[in-house]
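What follows is a set of notes on a single structure, which appears directly below.
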Amino acid sequence: MKYQNVLDEAFEAMKNAYAPYSNYHVGACVLCKDGRTFKGANIENASYGAANCGERSAIFGAYSYGYRKDDIEAIAIVTDGDRIGAPCGICRQVLSELIHQDTPIILSNGKDTEIKTISELLPMQFNEEDLR
Ligand SMILES: [Zn+2]
């Protein structure tokens, strides 16, 4: 599979998930066009609202190092759940602004894998054009 490397790195990142409350582990990896990767995992907190999802951890990492949507080739998001874990609503909103509409989002739980785009996952987006 074309994106096997980024999937493997996302599964590697999942090992670092800190999820003592949900026991739901997520790993993510942003693949940049220059080959650099940024991994992320979900990090929970006793104050539940302070938790951060794996895919946001990864994309914020890429942006923190100066990468922008034009630099991003794909993002992989993986879980150890029984079914593929699609991004939550907050992450869909974040990804709708920080990656291109057609950037591949590879979703896997190790058994099943699907490739989606943010325009498929989040139709009728609220975005910067609404704030002009
Ligand atoms: Zn999320």
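When a ligand or atom number is given, it counts from 1 through the structure's own listing order.
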Is there a donor-acceptor pair under 3.5 Å between the side chain of Asn109 and the backbone N or O of Asp112? yes
Do the charged groups of Glu129 and Arg132 touch, with an N to O distance under 4.0 Å? no
So, leaving waters aside, the tally of protein N/O/S atoms less than 2.8 Å from the Zn ion (ligand 1) stands at 3
Residue list, salt bridge (charged side-chain N to carboxylate O under 4.0 Å, His left out) with Glu120, at least two apart or on another chain: none
Identify every side-chain donor-acceptor pair in residues 18-30 under 3.5 Å, counting partners at least two apart or on other chains, and give the distances.
residue: Ser22; atom: OG; partner: Tyr24; partner atom: N; Å: 3.0
residue: Ser22; atom: OG; partner: Glu44; partner atom: OE2; Å: 2.4
residue: His25; atom: ND1; partner: Asp80; partner atom: OD2; Å: 2.8

Does any donor atom in the side chain of Asn52 or Ser57 lie under 3.5 Å from an acceptor atom in the other side chain? yes
Using the side-chain hydrogen bond (donor to acceptor under 3.5 Å, both in side chains) rule, collect all pairs that involve residues 81-100, keeping only residues at least two apart or in two chains. Asp70-His100
